[in-house]
Amino acid sequence: MQYAQIVLPLNLRGTFTYKIPDELIPFIQIGMRVLVPFGGKKIYTGIVFEIHDQDPETFVAKDIISTLDEQPIVPKEQINFWNWLSGYYLCNLGEIYRFAFPSSLKLESETYLKLKPNITIEFENLDINEMHLIQALEVRQLINLTDIEAFIAKKEIVKTINSLIDLQYIEIDEKISEKYKAKEVAYVKIPEQLLENENLTEILSKLNRSPKQKDLFLLILSRQTENPSGFIKKSELFENGNFAGTHFKALSDKKLLEEYYQQKDRLESYEGEIEDLDVLSDAQKSAKADVDEAFEEKKNVLLHGVTSSGKTHIYLEKIDECVNEGKNVLFLLPEISLTKQITQRLEKKYGKQLGFYHQKLTDFEKVEVWRRIKNNDVKILIATRGALFLPFQNLGLIIVDEEHDSAYKPREVTPFFNAKDAALVLAGLYDARVILGSATPSVESYYLAKKEKLKYIFLNERFGKVKLPEYELINFKEAQDSKKVSGNFSLQLIDEIKKTLHEKNQTIILHNRRGYANVIECESCGYVNYCSNCDVVMTYHKSANEMKCHYCGQRASKPKTCPKCYSENLNERGVGVEQIHEEISKIFPENEVDRMDVDSMRKKFAYEKLYEKIEDRETDIIVGTQMISKGLDFDHIELVAIPKADSMLYVQDFRAEERAYQLITQVSGRAGRVSGNGKVLIQTFNPDHSVFQLIKLNNVAKIYKYFLTERQKFHYPPFTKLIMIELKHTKEDRVNRASQFLGSILRKYLPEECILGPEKAPIARLNNLYQFQILLKLPRGKNYEKFKNRVLLSLKEFDEITAYQSIKKGVFVDF
DNA sequence: AGCACGCCGACT
DNA sequence: GTCGGCGTGCTC
């Protein structure tokens, strides 16, 4: 007896055991998709994860219905990768499978059945259900499993299908492959033997009586002799209206032409000039030599290059080398909107061998890329984190650009994983190398580099020796005391903007808070407007004239009077980016001031329009949230101002200071990219704060040393490993009790100092779910595995309590 | 996760 | 009297 462990697209622990029918035993392989029955009536596409001969003891295994692939669709490296992810992040294989596959590759009850061609059916041997199904198929050809429910009892469906497949009457329709067949384009050529053997004049004289056919033939002949290796599209021949399909058909019938089809994407290649890579500067050359050396030792690299130092040049060199060695490259970005510059340069050089993959593609497009990757047609893939799951054949290099970016580990998407760390593991499985690149590496990566787990390469000058911007701290308290302020701006800051405007240069103002005012409060009774779904106050958005909840998206109209005491004294408190924009517009009425945040960029092409305005220097001042720290590489931005820098530090998060540093540095990088005269003004009530002081010093080693000291002092990563467990439910007392209970199990297995909580989450209710959390601080190193296994044990023990099964549970490892 | 079964309240 | 709410149990 042969059995297979199958992963199903369900959020359930582990794999499921199915019996392999004898006829499939010779063909079935790990990594193939199979169709299996599950529960009474469902059929799922699962993945074969293991093949063995161990009889299950506690249940009877069902049979696999059929295989869907002739070759494994998941390579063995990916099988290992899935296993690692599920073990490391304590998530189910089913969640990974769901995330990894485009939905059309894992059709569930959307699977179609059809009659086998040329069969004779012996109806007398069929039962009533089998007969119904056959009759239905005779009428409709294709039938969907959900449709079958209409005339066969749910419990009987799987049995019926299985028996008809066994009888060889019906089969699974490979709709998947047909549906996603690449577009084919018709091409024409004159058969070569015709040109070699026959006398051309003879052919032409035969065509004398049909001049149109002759002209068409001559046209094709001339194009073919002009460029023997070129392709002639059939559709092009009819473009000017001189010829019609009948002329073509006549020639084709006389065997003077040959029609053939090719997949569209294989043929198009970039026809422009191939651009040479720019020449590297000395600093870049030495950095590249360091990368080479690290790769020789099979070591991965942290490329820490200040803004505009030209990390991209180094990437391009290494991509080129990797491709020349016949291997493929995965280039990861935090979000796909940042592809512009890198794409332009790679497209010229690699044309059709370049691919793109991100979550905004349609399912069709995803499957298309999947196919190209599987066929090894893509040399370089520019992609977001989802691409880590593609069936790479020959991966040689992964580049993780902007490796510090939190978009690599979004909390809202399951399974939770950090694409940066996952990339390192995946590369290991393919024996590929990794470059993590950033101007502001994460503290974790920096620490790994200092511990020589990664090779640390520092590019500390901008390309072309352009100077880095200068930082200046403005003491806002002092400015206020000496009455040198206007609203939220010190006069000094306003003067600097004036100066920049006078020199016809542009200014960026960063204020990382959406909306106009954070809170609207009643002065008489203290009422504030809470979101009805979440325990957070609603933010006032003046431009949309409404209140918005930034967590669940709920909107409400702005109250004119206090709903509680009817007082009209409503006070706006807490400054948002809209207010900063309004103030600046009033101070500089003659100038063009634009706002850039998720709210103003929501309209289609809003981003593109603003981008062009800035590029054409129509915009003088850009006021924005953290959005402005990415992708805005313009030559005439000379000043960056951060009027309320303190707001970034007052966040309850041990990474707040790191984030503030990263954001300030990234935005500052936009200033003086060409002139080298960039200036950054940080306005703060705490100019003595270490982070601001260190940023001003602009000494990278000192900044990271400070972060690492703080992290060590308070036992935070990278000195400990964090696991956050979050429980959610609509009923507060239920989650509360459940989290207390989970806490007590954890305390049974883990030392007290490792466990914080359970306690209410900082946002106690979100989208009508109450949330509690438990934070685990586990030691790094050898003991970590042991401790994590105990966490797993605790979670399993918790899961056994049926009363808590309706509680949603989130586990975030390295959150 | 997704589904069936079973037990309670509020409706034609 | 039944429809439908969600609590519980189960899936190879």
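Throughout, a chain's letter reflects where its sequence line sits, starting with A, and its residues are numbered from 1. Hydrogens, waters and symmetry mates play no part in the numbers below; they use all other heavy atoms, side chains included.
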- Would you classify A:Y18 as touching base, sugar-phosphate or nothing, given that sugar-phosphate means primed atoms plus P, OP1 and OP2, and contacts are heavy atoms under 4.0 Å? sugar-phosphate
- Task: Using atom CD1 of A:I43 as one end and atom P of C:dC12 as the other, report the distance to the nearest whole Å.
- Result: 12 Å
- Task: List in chain and number order the residues that pass side chain to side chain donor-acceptor pair (under 3.5 Å) with A:S406, two or more places apart in sequence or in another chain; answer none if no residue qualifies.
- Result: none
- Item | salt bridge (charged side-chain N to carboxylate O under 4.0 Å, His left out) contacts touching residues 16-27 of chain A (sequence neighbours left out) | A:K19-A:D63
- Message: If the condition is side-chain contact (heavy atoms from CB on, under 4.5 Å), which residues does A:F27 pass it with, not counting sequence neighbours?
- Response: none
- With A:C754 as partner, the option from A:L778, A:L776, A:I723, A:V791 fulfilling side chain to side chain contact (heavy atoms under 4.5 Å, CB included) is A:L778
Name the pairs: protein N/O against N/O of nucleotides 5-7 of chain C, kept only if under 3.5 Å.
none

- Nearest to side-chain heavy atoms of A:Y44, which nucleotide of B:dG2, C:dC12, B:dA1: B:dG2
- Between P of C:dT11 and CD of A:Q805, the distance in whole Å: 13 Å
- Rounding to a whole Å, what distance do you find between A:F38:CZ and C:dT11:P? 8 Å
- Could you state the CD-P distance from A:Q5 to C:dC12, rounded to the nearest angstrom? 13 Å
- Note on the structure: Closest of C:dG9, C:dC12, B:dA1 to the A:R98 side chain is B:dA1
- Message: Under the rule for side-chain contact (heavy atoms from CB on, under 4.5 Å), what residues qualify as partners of A:P56, not counting sequence neighbours?
- Response: A:Y3, A:T17, A:F59, A:A61
- Query: What nucleotide among C:dG9, C:dC12, B:dA1 has an atom nearest to a side-chain atom of A:T802?
  - Reply: C:dG9
- Task: Figure out the CG/C1' separation between A:L35 and C:dC12, and round it to whole Å.
- Result: 15 Å
- Message: Rounding to an integer number of Å, can you tell me how far A:I65 CD1 sits from C:dC12 C1'?
- Response: 13 Å
- Task: Could you check how far OH of A:Y97 sits from C1' of B:dA1, rounded to whole Å?
- Result: 14 Å
- Whole-Å distance between C:dT11 C1' and A:N11 CG? 14 Å
- What residues 21-30 of chain A contributes to the DNA chain C interface at heavy-atom separation below 4.0 Å is none
- For residues 792-815 of chain A, which residue pairs qualify under ring pair (Phe, Tyr, Trp, His ring centres under 6.0 Å), counting only residues two or more places apart or in two chains? A:F416-A:F812, A:F741-A:Y804, A:F798-A:Y804
- Salt bridge present between A:D814 and A:K409 (N-O < 4.0 angstrom): no
- Item | Partners passing side-chain contact (heavy atoms from CB on, under 4.5 Å) against A:R555 (at least two apart in sequence or in another chain) | A:E546, A:K548
- Which residues share a side-chain contact (heavy atoms from CB on, under 4.5 Å) with A:V598, sequence neighbours left out: A:R514, A:R602, A:M627
